[in-house]
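Here is the naming used below: chain letters follow the sequence lines, and residue numbers restart at 1 for every chain. Scope of the values below: all heavy atoms of this structure, side chains included, with no hydrogens, waters or symmetry mates.
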2 protein chains.
Amino acid sequence: MRIAELSRRTGVPIPTIKYYVREGLVPQGERTGPNQARYGEEHVRRLRLARALVEVGGLPVASAREALALIFSSGISEFDVLGKAQYALTPPRERAGDDAGGDAGGDAAAQVDELIARRGWQVKPGNPARRTLADALATLRRLGEDDYLDLLETYAETAEHLADMEVRAISRRGDLHAMAEAIVIWTTLGDPVLASLRRLAQEAQATRLLGGTAAKTAEEAAEETA
Amino acid sequence: MRIAELSRRTGVPIPTIKYYVREGLVPQGERTGPNQARYGEEHVRRLRLARALVEVGGLPVASAREALALIFSSGISEFDVLGKAQYALTPPRERAGDDAGGDAGGDAAAQVDELIARRGWQVKPGNPARRTLADALATLRRLGEDDYLDLLETYAETAEHLADMEVRAISRRGDLHAMAEAIVIWTTLGDPVLASLRRLAQEAQATRLLGGTAAKTAEEAAEETA
DNA sequence: CGATAGTGGAGAGTGTCACTATCTATAAAT
DNA sequence: ATTTATAGATAGTGACACTCTCCACTATCG
């Protein structure tokens with residue numbers, strides 16, 4: 001097919017396709033002349049994947065390129081595909097905070113190590129999620145949210161439960177390529193799915209636990225009727 | 001205190017403080033002369049909060065302004081603070097996808113409605129998380145990830161469990177102002193916390209479920225030793 | 001007292017990012 | 001034969017989050 005059809009089938013504008021090809025998210029079409037090229041199903045697939053990672057997953061284009069390269073590379077082993085995917089999917093964090101407020105950063109890093117040890121998780125020291133988590137915990141501490149420890153434990157249990165499901169579902173796939181693809185898709189798109197479900201559940205629980213005890217505002221009643 | 005101390009105590013550079021004041025994230029200091037102003041503890045607090053939302057939570061400055069305005073406004077009721085916070089915290093989504101591939105969007109929206117109904121959640125039709133979730137589900141369907149339904153159910157259960165904890169923890173706070181603040185902090189910072197915990201747990205579970213059955217690569221062994 | 005450093009405020013400039021527009025020389029379609 | 005489409009390259013755009021530069025002052029130190 002030519003580029004117009006590729007664009008029609010994926011919903012991605014032609015200039016954007018050209019941009020993605022330049023950036024290496026999608027390979028060039030098979031050249032058939034000085035200004036002609038042919039695209040196939042694998043271009044459709046890869047373009048859709050690229051679009052999902054960038055638009056829904058919110059990945060920077062450079063990270064999406066790495067993740068796609070990982071999926072479509074040969075010679076990956078199932079034992080490092082997940083680690084590599086996590087590296088690829090974590091946008092490079094900005095420099096460490098030169099912030100004030102005690103040594104919240106160091107404390108938080110130690111706290112993360114301790115949490116990982118306590119749960120018996122085996123996680124490489126280089127996993128970028130350690131840093132992200134430590135930063136978030138340091139921030140919470142700095143804000144004086146000191147009752148977050150119970151919640152953190154629940155979060156960790158929950159995460160373990162989800163990860164168990166996910167890893168099982170993924171390992172059920174036959175070949176390595178499909179596994180790699182599923183890992184990238186689920187690691188990336190799982191975040192917005194989980195985040196929005198959490199927000200929906202929050203509203204629901206708030207209504208259930210708090211809303212029943214008092215009258216609704218007129219505004220809310222109107223919105224419910226609409 | 002003057003601006004230099006405010007900067008030292010929060011770790012935020014002076015030009016950035018000035019920028020935040022201009023953008024309304026932080027109020028002006030109390031003017032004491034043509035080029036002098038005094039800042040107090042509430043500026044420290046609000047600046048730290050602003051920084052956390054923008055840097056760790058990844059909120060756009062405009063959304064952070066709304067969220068902060070909500071926290072520090074008087075006359076909020078506990079019944080709409082959560083809803084308003086969710087509106088404020090959701091960055092304005094880009095235009096609806098003019099994408100190809102059947103009516104995945106409409107189907108997904110219906111699927112979200114159905115999920116909410118099935119779980120007995122009471123959620124306003126305008127909650128932005130509905131859109132986000134529908135977009136993500138439509139994308140998954142378009143990518144052919146058709147076995148995501150079991151996972152989705154687990155995600156929803158999990159989200160409900162977390163939301164229950166969170167709402168209880170928040171409603172335990174005495175005054176409305178502290179509740180509003182906690183809602184904004186936890187809605188925003190909970191996302192990165194949960195996301196990184198999920199990644200850590202994924203690696204741990206992958207090691208547990210898959211790693212034991214085969215030899216490690218040399219690279220991994222080296223990384224573990226280091 | 002004077003020199004130096006710090007201040008508030010405003011406007012312009014910077015760097016990054018993800019596109020998007022324009023151009024040229026072709027090729028395809030009608 | 002004319003219109004439309006194409007590949008590829010270069011340049012431009014708009015949003016965003018700062019960051020710089022100035023200016024007219026003010027504070028403070030020796």
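Applying the side-chain hydrogen bond (donor to acceptor under 3.5 Å, both in side chains) test to A/Glu166 and every residue at least two apart in sequence or in another chain returns B/Tyr155, B/Arg198, B/Gln202. Taking the side-chain hydrogen bond (donor to acceptor under 3.5 Å, both in side chains) definition, one finds that A/Gln36 meets it with nothing, sequence neighbours left out.
Taking atom CD on A/Glu55 and atom P on C/dC17, their separation rounds to 18 Å, with Å as the unit. As a whole-Å value, the separation of B/Ile14 CD1 from D/dT21 P is 15 Å. Atom CD in A/Glu23 sits about 14 Å away from atom P in C/dT20, given to the nearest Å. Computed from coordinates, the A/Arg38 CZ to D/dA5 C1' distance equals 16 Å when rounded to whole Å. Counting to the nearest Å, the P atom of D/dA5 and the CD atom of A/Glu5 are 14 Å from each other. Per the geometry, CD1 belonging to A/Ile3 stands 9 Å off P belonging to D/dG8, to the nearest Å. Atom CD1 of A/Ile17 and atom P of C/dT20 are 12 Å apart (whole Å).
Side chain of B/Gln86 to main chain of A/Arg199: a donor-acceptor pair is present (N/O by atom type, distance under 3.5 Å, no hydrogens or angles). Panel note: side chain A/Thr187, backbone A/Val184; no donor-acceptor pair is recorded below 3.5 Å. Checked by atom type and distance alone, the side chain of B/Arg31 pairs as donor or acceptor with a backbone atom of B/Gly33 at under 3.5 Å.
Pairs of residues two or more places apart, or lying in two chains, never qualify as ring-ring contact (aromatic ring centres under 6.0 Å, His included) while including a residue from residues 5-26 of chain A. Within the structure, every pair that satisfies the ring-ring contact (aromatic ring centres under 6.0 Å, His included) test and touches residues 28-51 of chain A, not counting sequence neighbours, is listed here: A/Tyr39-A/His43.
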Using a cut-off of under 3.5 Å, enumerate the N/O to N/O pairs linking the protein to nucleotides 9-16 of chain D.
{"unit_1": "D/dT10", "atom_1": "O4", "unit_2": "A/Arg22", "atom_2": "NH1", "d": "3.3"}

Between the protein and nucleotides 27-30 of chain C, are there any N/O to N/O pairs under 3.5 Å, and if so, what are the atom names and distances?
{"unit_1": "C/dA27", "atom_1": "O4'", "unit_2": "A/Asn35", "atom_2": "OD1", "d": "3.3"}
{"unit_1": "C/dA28", "atom_1": "O3'", "unit_2": "A/Arg2", "atom_2": "NH1", "d": "3.1"}

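Along DNA chain D, the nucleotide nearest to A/Arg31 and the one nearest to B/Ala62 differ in position, and the one closer to the 5' end is contacted by A/Arg31.
OP1 or OP2 of D/dC18 lies within a sub-4.0 Å distance of a side-chain N or O belonging to B/Arg51. Remark: B/Tyr39 is in phosphate contact with C/dG8, judged by side-chain N or O atoms under 4.0 Å from OP1 or OP2. A sub-4.0 Å separation between OP1 or OP2 of D/dT19 and a side-chain N or O of B/Thr16 is present.
Within the 4.0 angstrom heavy-atom criterion, only backbone atoms of the sugar-phosphate kind lie near B/Gln28; the bases stay farther away. Residue A/Val21 is classed as having no contact, given no heavy-atom separation below 4.0 Å to the nucleic acid.
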Check: After noting the C-alpha distance and the side-chain angles of A/Trp186 and B/Glu145, does the key distance pass the side-chain hydrogen bond (donor to acceptor under 3.5 Å, both in side chains) rule?
Finding: CA-CA 9 Å; A/Trp186 279 101; B/Glu145 291 290 313; 3.1 Å; yes
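The only member of B/Leu25, B/Val56, B/Val26, B/Thr16 that meets side chain to side chain contact (heavy atoms under 4.5 Å, CB included) when paired with B/Arg51 is B/Thr16.
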